[in-house]
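For clarity, every value in this text was computed on a predicted model and none was experimentally measured. In what follows, chains are A, B, ... by sequence order, proteins preceding strands, each numbered from 1.
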Amino acid sequence: MMSSSDDNVALSMIDGNIDQDDDMPLSQISSKSTDTTSVDSNSTEGQKSGSKRKASSPTGHKAKKVKRSKNTVKSESDEENTPLASTTAPPPKKTSKKKSESGTAKPRNGTKKSKGAKSTGSNKTDAVKKEDEVAKTEKDPSSTREDEEDEEKYKWWEAEDVDGEQKWESLEHNGVIFPPDYEPLPSHVKLYYDGKPVDLPLEAEEVAGFFGAMAETDHAKNPTFQKNFFEDFCKVLKDAGGCNVNIIDFHRMDFSKMHAHFEMLRDQKKLLSKDEKKAIKAEKDKFEEPYKTCLLNGHKEQVGNFRIEPPGLFRGRGAHPKTGKLKRRVMPEDVTLNLSEGCKIPEPPQGHKWAEVRHDNTVSWLAMWKENIADSFKYVRFAANSSIKGLSDFKKFETSRKLRYHIDEIRKDYTKMLKDPLMQNRQMATACYLIDIFALRAGGEKGDDEADTVGCCSLRYEHITLKPPNKVIFDFLGKDSIRFYQEVEVEKQVFKNLRIFKKPPKQPGDDLFDRISPPLLNKQFQNYMKGLTAKVFRTYNASKTMQDQLDLIPNEGTVAEKVVKFNAANRTVAILCNHQRTVSKTHGSSVQKIHDKLKELEWHKIRTKKMILQLEPNLKTKDPDYFEELDDLSKEDTEHIHRALIERAREAARKRFQRENDKLKIEDKPLLTEKDLEEKMEKVNELEKEYAEELKTGKPQIKKSVTVEKLKSQVDTLTNRILNTTFQLKDKEDNSEVSLGTSKMNYIDPRLTVMFSKKFNVPIEKLFTKTLRDKFNWAIESADENWKF
DNA sequence: CCCGTGACTTAGGAAAGGGGAA
DNA sequence: TTCCCCTTTCCTAAGTCACGGG
């Protein structure tokens, strides 16, 4: 499928003379140093040339990653870096913000009015405002900060900025919650092997149980998952002393009894009465209370994940080589706490001790442990509504917002650099283009023991297909193994470059961008603006897109309509960022259901109109438009609807019968008999006959009491419902595989949403859920209807 | 100067909750 | 009022990126 013809031949030379060798994939160059500078990499070359990655499978999956040595091309330094470098015109003003000035300083321009006025008195010296470009004039007496400890939320954005390096002054918390100890299964619930019950030691039973609980999931059917699980299970079993059966083959194990047991437990839980559930919840809440919050600089703040992750089987996403491995139980001895020196240290669980207690105020985690799958750290952190998270979120958006002062120049520069004679620079420019235009992620290198996913810099030969004159088809798995598939048109020069990046001897499995890497890219970006990295482009372009989309919405219509339009704008952003969700298993049927409902509503409406005509036949000539749709439904459709209605009526009758009987049984009264049921059914049968007749004559029966007025109002109601349902259907289909939440939560500057809410008079509750309102409280309180990204 | 480590953001799916239709 | 489905929240995996030490 990689149509080689297009890709490989005739690489029209780019303008400028390009050193032949410069075009050679790095991995092929052996000792010559082409890039003027460098490539003195000979040292490393040896290994490289031999080890180039090959596609290991027809599908083009990588075989193994070889570290590439980046040294090689060192930055062509400076001067020939026309680059993306420097010259950058400094943005207007803006000098102010450096973090360095902790405290004091700054409120450059003030605030937007009013809002602030509410409780706290107004002046926000705050970080938020201070950044505000809108030069409003009010000055701002450096404010008095309130010290009240009001338990109501501490408004960090109205306080002085805090310096960057240090994350907190004081931090006090109650530690973490450990998962409950393993509870052995009842003795009759067992794993079976070759049909025989297995007596497992507790440690192994627990692991078997992890699998048993998920026996019916897709994970459990995945061979890699099974293999990894089985290896770890066998190891645990062996370490625990083995069991009565010699277990050597995963497929001879039978988890069905275990699985049934867990299902039963779940059902049981579901069956608890409302009160019981409530009581359990209350107890749980009470227990968790102390862990939910902590004291940060004297202010109460929420903790995010205060629960240590329970043991289980690792559920990797996509084709993860380690999926199914045992995630071992985390003990207090694995956990490092971080809090203020001198404050009370939370007690570790009975008989245990903490791995370490640290007092590092340059980090923002409360506790940490090492996880055994990827050997990386897990952290207990503040919740999204905390000041620490809020501040860094705010900074993130401010940084991306500043990109607007540089974006023109950046675009100009990379466009120019697309033709640079130096291969590395062309790669750099092309990558910038892709990141900027298609919102690709940076794409760092990944290991063999991770899922094979890519971003910009790690794109490989097989991930793009070129169709002259300038069409590119991207098809690769990105973060979370979500597919990125797009057929797009690109700048002529980008197309040429990509073709060169695929030039032989490159082949499937090879990196397109073999001379650059995210760090290199980011280093260039820093030349334009402090804090500028690849990911900032995603934030910038997402928020910019949102702003532009919102600007197109007319300020009219009902709240519901405006919300729909807002969501449409949101959707544009989500599509830009490729935020997907798997269509729910029930999606197809639920769409079908809405279709059916729609048909039924139409039928109902037509039928009602027919009734009107029966009452007053001359209306048809008076208002032909109104009765135009009378023949819209085919006989088959009508019949189909009739049948569905009848069937539903029967079903309902049966259910009602059942329910009544259940009730009578409890009350110990005589039950209804089959005959009673038949009676009920008889009514339905009559209806059926009525419909059959109606189908023949086309004339519905009319009850005595109806009037034309009543019928007309029924028609109106139906018309409305049809309209609403149609909208609902469209929304559902448009949204079926797009996830709006991720962009709303991470990419769209929340002040845009707040601006929309205020300007369009849409209650913020319609746009932000409770959690998002908490998380973005700073935005809600600081942006007004004129705010601009 | 790497390159591994550490810390932090971003991400989709599962579970829980809640509100509307029957 | 119950039940079901959609929305929200929880969970934790999977990215990005800076930095420090050999």
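Among residues two or more places apart in sequence or in another chain, the ring-ring contact (aromatic ring centres under 6.0 Å, His included) test is passed with A:Trp365 by A:Tyr379. In this structure, the salt bridge (charged side-chain N to carboxylate O under 4.0 Å, His left out) partners of A:Asp480, at least two apart in sequence or on a different chain, are A:Arg317. Take A:Lys325 and apply the salt bridge (charged side-chain N to carboxylate O under 4.0 Å, His left out) test, not counting sequence neighbours, and it matches A:Asp232. For A:Lys766, there are no salt bridge (charged side-chain N to carboxylate O under 4.0 Å, His left out) partners at least two apart in sequence or on another chain. Scored by the side-chain hydrogen bond (donor to acceptor under 3.5 Å, both in side chains) test, A:Arg571 finds A:Asp731, A:Asn735 as partners (sequence neighbours excluded). Qualifying side-chain hydrogen bond (donor to acceptor under 3.5 Å, both in side chains) partners for A:Lys535, counting only residues two or more places apart in sequence or in other chains: none. Looking at residues two or more places apart in sequence or on another chain, you find a side-chain contact (heavy atoms from CB on, under 4.5 Å) between A:Lys284 and A:Glu288, A:Arg307. With sequence neighbours excluded, the residues satisfying side-chain hydrogen bond (donor to acceptor under 3.5 Å, both in side chains) with A:Tyr747 are A:Arg538.
Within the nucleic acid shown, A:Lys327 comes within 4.0 Å of sugar-phosphate atoms alone, with no base atom in reach, counting heavy atoms only. No contact: A:Lys270 has no heavy atom under 4.0 Å from any strand.
Spacing between atom CD of A:Glu737 and atom P of B:dG12 amounts to 13 Å, rounded to whole angstrom units. Residue A:Gln580 contributes atom CD, which lies 8 Å from atom P of B:dG12 at whole-angstrom precision. A:Leu477 has its CG atom 13 Å from the P atom of C:dA14, to the nearest Å. Atom NE2 of A:His320 and atom C1' of C:dT12 are 12 Å apart (whole Å). As a whole-Å value, the separation of A:Asp360 CG from B:dT5 P is 19 Å. If you measure from atom OH of A:Tyr379 to atom P of B:dA7, you get 4 Å, rounded to the nearest angstrom. Regarding A:Phe394, its CZ atom lies at a distance of 15 Å from the P atom of B:dT9, rounded to whole Å. With rounding to whole Å, A:Asn338 atom CG is found 14 Å from B:dG6 atom P.
Close to B:dT9, at under 4.0 Å from its OP1 or OP2, lies no side-chain N or O of A:Tyr747. Remark: A:Thr582 is in phosphate contact with B:dG13, judged by side-chain N or O atoms under 4.0 Å from OP1 or OP2. A sub-4.0 Å separation between OP1 or OP2 of B:dC8 and a side-chain N or O of A:Lys396 is absent.
Remark: A:Asp360 does not engage A:Arg358 in a salt bridge, criterion side-chain N to carboxylate O under 4.0 Å. Checked for salt-bridge contact, A:Glu309 and A:Lys378 meet the test: a charged N lies under 4.0 Å from a carboxylate O. Between A:Asp218 and A:Arg315 no salt bridge is recorded (no basic side-chain N to carboxylate O distance below 4.0 Å). Ionic pairing of A:Asp393 and A:Lys389 is not present here: no N-O contact between side-chain nitrogen and carboxylate oxygen is shorter than 4.0 angstrom.
Candidate nucleotides B:dA11, B:dA7, C:dT12 were compared by shortest atom distance to the side chain of A:Phe377, and B:dA7 ranks first. Comparing B:dG6, C:dA13, B:dT9 by their closest approach to the side chain of A:Arg317 singles out C:dA13.
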N/O contacts under 3.5 Å, protein versus nucleotides 15-21 of chain B?
none

When you compare the protein's N or O atoms with those of nucleotides 7-10 of chain C, which come within less than 3.5 Å of each other, and at what distance?
unit_1: C:dT9; atom_1: OP1; unit_2: A:Thr771; atom_2: OG1; d: 3.1
unit_1: C:dT9; atom_1: OP2; unit_2: A:Thr769; atom_2: OG1; d: 3.0
unit_1: C:dT9; atom_1: OP2; unit_2: A:Thr771; atom_2: OG1; d: 2.1

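Looking at which nucleotide of DNA chain B each of A:Arg381 and A:His579 is closest to, the 5′-most match is held by A:Arg381.
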### Message
Using side chain to side chain contact (heavy atoms under 4.5 Å, CB included), reason through A:Phe225 and A:Leu313 one step at a time and then give a plain yes or no.
### Response
CA-CA 9 Å; A:Phe225 191 96; A:Leu313 302 180; 3.7 Å; yes
### Task
Show the numbers, then the answer: is there a salt bridge (Lys or Arg N to Asp or Glu O under 4.0 Å) between A:Glu289 and A:Lys286?
CA-CA 5 Å; A:Glu289 192 56 41; A:Lys286 191 170 161 224; over 6 Å; no
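Smallest separation of non-hydrogen atoms from A:Ser743 and A:Leu740: OG-O, 3.1 Å.
Residues from residues 363-375 of chain A with heavy atoms under 4.0 angstrom of DNA chain B, sorted by number: A:Val363, A:Ser364, A:Trp365, A:Met368.
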## Note on the structure
Under a 4.0 Å heavy-atom criterion, the protein footprint on nucleotides 15-22 of chain C, written with B, S and -, is SSSS----
